[in-house]
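Structure, as C-alpha cells:
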Amino acid sequence: MAESILKIENFTMHYMTKAGEVSAVDNVSLEIRKGESLGLVGESGCGKTSLAISIMKLLPENAVIKGGHIYFDGTDLVPLSEDEMRRFRWRRISMIFQAAMNSLNPVYRVSDQIIEAMETHFGNIDYSEAREKVANLFRLVGLDPKFMDQYPHEYSGGMRQRAVIAMALACEPDLIIADEPTTALDVIVQDNILRELKALQEKLGTTMIYISHDIAVIAEVSHRIGIMYAGKLVELADAEEIFHHPIHPYTAGLMSAFPSIIGPKRELVTIPGEPPDLLNPPSGCRFHPRCQYATEICREKEPEFKDYGSGHMASCWNPLEG
Amino acid sequence: MEEKTKVITKPKVEVILEEEERKRLKEMPLWRVRLYLTWREIRNNWRLFSENKIGLLGLGIIIFYAIMAIAHPILMKWVWDPNIYDPIVGYSYDEVLQPAPPSFRHILGTDPLGRDVLSQLMYSTRSEFALGILAAIITVTIGTTVGAVAAYFGGIIDTLLMRLADLIIMLPFVTILIVLSALFKMNLIILAIVIGILSGFGGTGIVIKSQALTIKVRAYIEAAKVSGGSNWHIIFRHIIPNLMPLSFLYMMFSVTSAIFSEAVLSFFGLLNIRMSWGLMIHTAQTAGYLLNPKTWWLIVPAGLSITLLCSAFYLVGRALDEIVNPRLRKR
Amino acid sequence: MLRYVLRRLGQIVITLFVFLTLVYFLLEAQPGDYAQTFLSNPKLTKEQREALKAQFGLDRPLWERYLRYMGSLLKGNLGISFEHYPRSVVSVIAERAPRTILLFLTAQILSFLLGFSAGKVLAWRRGQAFEYVLTIGGVTLYTVFTPWFGLMMIWIFAYILHLFPVGKFVTPTLWRGAPVDANYVFIRILLSAFVASLALFLVLLATRRLNLALRRGLRGAGVLIILAGLLAYWLPSGITRYALDILYHLILPVMTLTLINFAGMMLLTRNSMLETMREDFVMAARAKGLPDGVIRDKHVARNAMLPVITSFIFSIAFVLDGGVITETVFSWPGMGLTLLEAAVAQDIPMVMGGLVFTGTLALLGHLVADMTYAYLDPRIRYT
C-alpha cells in the first residue's frame with residue numbers, strides 16, 4: 001500500500017452568514033494514498049466544494065475553520081499563513097474548477113496564463129523554454145499547440161476545459177482536485193475528457209480528487225468513492241464495492257436517481273425532499289427526514305462513521321447490507 | 001460558496017401571497033387589490049431602503065430642506081417683518097454696513113443689498129424643489145416613452161432615437177445650457193423643459209431602453225400580443241408600468257442634474273429668475289465679494305446648500321438603485 | 001484597425017454635422033439681433049456697414065447662409081468674431097485651444113489614474129464605517145457645486161495658505177520680454193507630454209514577452225531614458241522657466257477639476273472591482289498561488305477596468321462641463337471662458353466656433369476612449 005499524501009482529520013468548517021452559522025463541513029475524516037483517485041459525490045450544497053477549497057485554503061472571508069487537521073505530505077495546512085500556503089498552491093496541489101469555462105481570465109492569452117503560474121513557482125524561467133513547456137502540455141491534453149496564443153473566448157467549451165486541465169498540470173502538482181470538471185459540457189465531450197483525465201492520471205501518477213453530483217461520472221474515473229450529505233461524509237468505499245453493496249440509504253438513493261446505460265432497465269427513483277437547511281441541521285442523523293428507513297434512534301443520536309469491513313466506511317443506524 | 005449561500009439564505013422580502021390573504025383579496029374590488037398590492041410593495045421596499053444608512057442620510061437632508069421651504073412663507077407671514085426680511089426687496093435698516101455678518105437678528109447675515117441671507121436661502125429652496133421635480137418628471141416621462149418605444153418597435157425608430165441619444169450624451173450638457181440661456185432669456189419653467197428634453201432623449205432614454213428590452217421578451221408581453229392587444233396598449237399597459245421602478249430611480253438623478261444646472265446658470269447670471277442659490281453667489285460676485293473669505297456667509301450657505309441637496313438626491317438614487325437592481329445588493 | 005478608426009471618424013463627422021446643423025438653426029432662432037447690435041456701432045460708416053453685412057452674409061436668406069457657413073467650415077474657415085473683430089474665429093481658437101486641451105487632458109488623465117488606483121485599493125480593504133465615509137465623501141465631491149468648490153479651493157490654497165496664484169495662467173511680470181509667447185510654450189508642453197507617453201507605451205509593449213528579470217530591468221531603463229530625453233530637451237531650451245510658470249498656474253485648476261472627477265471614477269472602480277472579485281478566474285488566480293498584489297492588479301483590476309472605461313467615455317462631456325466652469329472661476333483664458341464670454345456678448349460666430357471646438361474635442365475623446373477599450377478587451381476586435 002502506497003503512503004498517504006492527504007489526510008483529513010475531523011475537519012469542521014462553518015460559514016458565518018447574516019442569518020447565522022452554516023455548518024458546511026462537519027467532522028470529515030478521510031485519507032488519500034499517493035497515485036489514488038478519490039471521488040466525492042453529493043447533491044449541490046452538501047459541502048463537497050467547501051471541502052475542496054478548504055484543502056487549498058481558498059476559503060471566503062466568512063468561513064471559519066472550527067477544528068481538525070488537513071495533513072498534506074506530512075504538513076498540517078490548517079495553521080499555515082496565506083504566504084506559506086501560496087507555496088503549496090498549484091505547485092503541490094492544483095485545481096480544475098467547477099466553472100472551468102470561466103476560470104480563464106478573458107483578457108489574457110491562454111499561454112500567458114499558464115506561463116504566469118510557472119513564473120510564480122519556478123521564478124525566472126526562460127520565456128521560450130516556458131512556451132515549449134506549454135506546447136507540450138497542450139499536446140498532453142489533446143490540444144493543438146497552435147491555439148496557445150489565442151484568447152479564451154476564441155476557444156470552444158471543450159477546448160477551454162482542456163486548457164484548464166493543461167494549466168492545472170503546469171507545475172507538476174502532486175494532487176489535483178477536479179471540481180465538477182465536465183458538468184458544463186455536452187455528453188460526448190464530457191466522456192472524452194474524463195477518459196483522457198483518467199489516462200493522464202495513470203500516466204503521470206498524480207493523485208486526484210474528483211468532485212461531482214453525478215455518481216455515474218465519478219464511478220468511471222475513481223478508485224474510491226466518498227458520499228457526502230449535508231456537510232458530512234456518510235459513506236466511503238472502493239468504487240466497485242459502493243456500487244454493488246451500498247450501505248447508506250442515501251447512497252442507494254443517489255444511485256437510483258441516475259440513469260445507467262449499461263445494465264437492466266429500471267425506473268429512476270428520486271430522493272424525496274430537499275437537502276436540509278444547514279443553518280439548523282436536523283438532529284441525529286442528518287438524513288433522517290428524507291430517509292424511508294428512519295427509526296427513533298436516527299432522530300436522536302448521530303451514527304458513528306465506522307468500518308463495515310475491508311475499508312468500507314459508513315455512518316448509519318440502519319445499514320442496508322450488514 | 002456561492003452555491004452554498006443560494007441554498008440557505010432566503011430572500012428577505014417574501015412576495016408570495018398567503019392562502020388567507022388570497023381569499024381576502026378575492027372579495028375586494030380590483031382597484032382595492034391594486035392599491036393593496038402597491039401599498040405592500042412600497043412597504044417592503046421601504047424596509048429594504050431603510051437598511052441603507054446612506055440613503056436615509058440623503059432622505060434626511062431632503063426632508064430638512066423641504067421643511068425650510070415650507071417654513072419660509074409661515075415665517076414671512078407671522079414672524080418676520082416683510083419690509084426687512086423679504087428675500088428680494090427687503091432691507092435691513094438696523095445694520096450700518098452691508099453686507100452685515102451673522103447676528104441674532106440675521107442668523108446668516110445680510111447680502112450686499114441689505115437683504116437677509118437666511119430668508120433668501122429658504123425662499124430659494126422652494127424653487128429648487130419645483131425646478132428639480134418638474135425637470136425630473138419631464139425627463140422621466142420622455143425617457144420612459146423613448147425607451148419603451150425604441151425597445152418595443154426596434155428597427156428604424158430605435159436607430160434614430162438611439163443615435164439622437166448618443167449625440168446628446170456625447171456633448172457637454174451644461175456648456176450647451178450656458179450657450180442657450182445666454183442667448184435666450186430663460187426662466188425656471190423653460191429651463192426645466194429644456195433639461196427634461198435633453199436628458200430624456202439622452203442618457204435616461206438609453207438606460208430605460210436597455211431595461212425595456214428585457215421586459216419586451218417576457219412571456220406576458222407575448223401573451224398580450226397573442227390576445228390581440230394593440231402596440232400602444234402593450235407599451236402603456238404592460239411595458240411602461242414595469243419600467244416605473246427604474247424611472248423613479250432616474251428621477252432622483254434628474255433632480256440632481258437639474259438643480260446643479262440651474263445653480264451654474266444663475267451663478268453666471270444667465271437666468272431670468274428673482275432668487276436662487278446660484279443667484280445669491282452671483283450677487284456676491286457682482287458686488288465684488290466673491291474672493292473675500294471675510295464675507296463667507298455670502299457664499300458658503302448657498303454653495304453648501306446646492307451641494308447638499310444635489311448629493312442628497314444622488315444618495316437616495318443610489319440607495320434605490322440597490323433595491324431596483326438586486327445585483328448591487330449587499331450579500 | 002485602420003478601417004475601424006476610419007469608420008469611427010466617419011461617424012464622428014456625421015454626428016458633428018448633425019450637431020452643428022441643430023445648433024446653427026437654434027442660434028438663428030435666438031431673439032436678440034446680434035448683427036444689428038454690432039452693426040449699429042456709430043463709428044462705422046454706411047459703406048463699411050454694407051461691406052460688413054455682405055461679408056457676414058447677413059443680406060442672404062437663411063438656408064443660403066447655412067450652406068455658406070457649412071461650406072466655409074469645410075475649408076476651415078469659421079468666420080469672423082464680432083467681439084474680437086477683426087480677428088477670425090479660427091485664430092482665436094488657435095490661441096486659446098491649447099490652454100483648454102492642456103487643462104482638460106491633465107485633469108482627465110489624473111482623475112482616471114487617481115480614481116482607478118484609489119478604487120482598487122478601497123475594494124481590497126473593506127470596512128463598514130470606512131465605506132460610509134468613502135461613499136458620502138465620494139458622492140459629495142461628485143455632486144459638489146463646481147463654481148463654489150473652485151472658490152473654496154482658491155480661498156484655501158491661494159488666500160489662506162498662499163501656495164498657488166489666484167487665477168490667470170501666467171505671471172505677467174515674468175513674461176515681460178520673454179523670447180516666445182505663451183502659446184509656443186503651451187504647445188511644446190503638450191507635445192513633449194504626448195511623445196513621452198507614447199514612448200512609455202512602446203517600451204511596455206516591446207518588453208511584454210521577456211523573462212521576468214530582463215523585463216523589469218528594461219522597463220526601468222526605458223523610464224529613465226524617457227526622463228533623460230525630456231530633461232535634455234527642456235533644460236537647454238531656455239523656456240523652461242516659462243513652462244514652469246504655466247505649470248505652477250495649472251496646479252490649482254487641475255486639482256479642482258481632478259478632485260471633482262476622480263470621486264466618481266473611484267466609486268465606480270470600487271463597485272466594478274467588487275463584482276469582478278466574485279468571478280471564477282479570480283478564485284483560479286488565488287489557487288495558482290499568485291501573490292495578493294498580482295491578483296489585484298493583474299487579474300481583478302485589469303478586468304474591472306473595462307466597465308470603468310465605458311463610463312469614462314460618458315464622463316468626457318461631464319469633464320468638459322467642469323472645465324468650462326473651472327476656467328471661468330480661475331479666469332483661465334481657454335475655450336470655456338471664451339465660449340461663455342461670446343455667449344454673453346451674443347457673438348454668434350464665436351459661439352459656433354466654440355461649440356465646433358467643444359464638440360470635436362468631446363467626439364475625439366470618445367474615439368480615443370473607444371479605441372483604448374477595444375485594445376484592452378480582446379473580446380472586442382476592431383470591427
Side-chain angles (χ1 to χ4, degrees), chain A residues 52-53 56-61 82-83 85-109 111-131 149-154 164 167-168 170-171 173 177 179, chain C residues 123-128 205-218 272-310 372-381 383:
Chain A
I53 60 176
M56 291 196 83
K57 293 207 28 208
L58 291 173
L59 294 168
E61 270 168 49
E82 187 73 1
D83 245 6
M85 198 56 220
R86 270 214 346 253
R87 284 184 284 116
F88 282 90
R89 290 189 190 141
W90 225 254
R91 178 70 194 88
R92 308 293 307 275
I93 313 170
S94 71
M95 193 159 174
I96 300 166
F97 280 94
Q98 193 166 14
M101 312 290 283
N102 304 325
S103 57
L104 289 168
N105 191 330
V107 302
Y108 295 115
R109 294 169 204 277
S111 56
D112 286 345
Q113 296 190 47
I114 299 178
I115 292 172
E116 181 188 36
M118 297 187 203
E119 235 172 29
T120 309
H121 293 287
F122 301 135
N124 191 21
I125 46 168
D126 189 59
Y127 191 77
S128 49
E129 206 176 289
R131 286 184 62 84
D149 284 333
Q150 291 193 348
Y151 289 94
H153 71 276
E154 294 167 295
V164 167
M167 189 153 82
C171 299
I177 303 170
D179 186 1
Chain C
W124 221 243
R125 309 191 312 121
R126 303 189 59 195
Q128 278 288 306
L205 204 65
T207 54
R208 231 169 17 152
R209 307 215 171 280
L210 292 173
N211 302 346
L212 207 58
L214 197 60
R215 189 165 66 207
R216 287 191 184 142
L218 279 182
S272 176
M273 287 281 287
L274 289 180
E275 287 217 349
T276 313
M277 275 157 71
R278 293 188 216 162
E279 298 269 358
D280 296 311
F281 61 79
V282 177
M283 174 76 111
R286 277 183 74 201
K288 272 155 95 176
L290 304 180
D292 212 38
V294 174
I295 298 174
R296 187 188 70 190
D297 295 342
K298 218 180 136 185
H299 289 271
V300 184
R302 178 65 172 69
N303 280 279
M305 190 191 267
L306 297 173
V308 177
I309 288 185
T310 312
T372 316
Y373 189 92
Y375 172 77
L376 288 175
D377 190 345
R379 283 163 294 188
I380 295 175
R381 278 295 147 217
T383 44

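Because the structure is a prediction, the values reported are computed rather than measured. Only heavy atoms go into these numbers, but all of them, side chains included; no hydrogens, no water, no symmetry mates. Chain letters run A, B, ... following the sequence lines, proteins first, then strands; residues in each count from 1.
No part of A/Asp83 comes within reach of chain C, as not one of its non-hydrogen atoms sits under 4.5 angstrom from that chain. Within the 4.5 angstrom heavy-atom criterion, no atom of C/Val282 approaches chain A. Neither the backbone nor the side chain of A/Ile115 comes within contact range of chain C; no heavy atoms are under 4.5 Å apart. For a residue to count as touching a neighbouring chain, one of its non-hydrogen atoms must lie under 4.5 Å from one of that chain's; by this rule A/Met167 touches chain C with the side chain only. Only the side chain of A/Arg109 comes within contact range of chain C, with at least one heavy atom under 4.5 Å from a heavy atom of that chain. Looking at C/Leu306, the atoms closer than 4.5 Å to chain A (heavy atoms on both sides) all sit in the side chain, from C-beta outward.
Nearest heavy-atom pair across A/Phe97 and C/Met283 is CE2-CG, 3.3 Å. Nearest heavy atom pair, residue A/Arg89 against residue C/Ala287, reads CB-O, 3.0 Å. When all heavy atoms of C/Asn303 and A/Val107 are compared, the closest pair comes out as OD1-CG1, 3.5 Å. Of all non-hydrogen atoms in C/Pro378 and A/His153, the two that sit nearest each other are O-CE1, 3.2 Å. Contact detail for C/Ala284 and A/Ser103: the closest heavy-atom pair is CB-O, 3.5 Å.
The cationic atom of C/Arg215 (NZ for Lys, CZ for Arg) does not lie both less than 6.0 Å from the six-membered ring centre of A/Tyr127 and within 45° of the ring axis.
Contact check on C/Lys288 versus A/Glu119 returns no salt bridge, with no Lys/Arg side-chain nitrogen under 4.0 Å from an Asp/Glu carboxylate oxygen.
By the side chain to side chain contact (heavy atoms under 4.5 Å, CB included) test, A/Glu129 pairs with A/Asp126, sequence neighbours left out.
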query: Can you check side-chain contact (heavy atoms from CB on, under 4.5 Å) on A/Gln113 and C/Phe281, steps first, answer last?
result: CA-CA 11 Å; A/Gln113 296 190 47; C/Phe281 61 79; 5.8 Å; no

message: For A/Glu82 and C/Arg286: C-alpha separation, side-chain torsions, deciding distance, then whether side-chain contact (heavy atoms from CB on, under 4.5 Å) applies.
response: CA-CA 10 Å; A/Glu82 187 73 1; C/Arg286 277 183 74 201; 4.0 Å; yes

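Judged by distance alone, with hydrogens and angles left aside, the side-chain atoms of A/Arg86 form a donor-acceptor pair with the main-chain N or O of C/Gly289 at under 3.5 Å.
Looking only at atom types and distance, the side chain of C/His299 has a donor-acceptor partner in the side chain of A/Glu116 under 3.5 Å away.
At least one side-chain heavy atom of C/Pro291 sits less than 4.5 Å from a side-chain heavy atom of A/Thr120.
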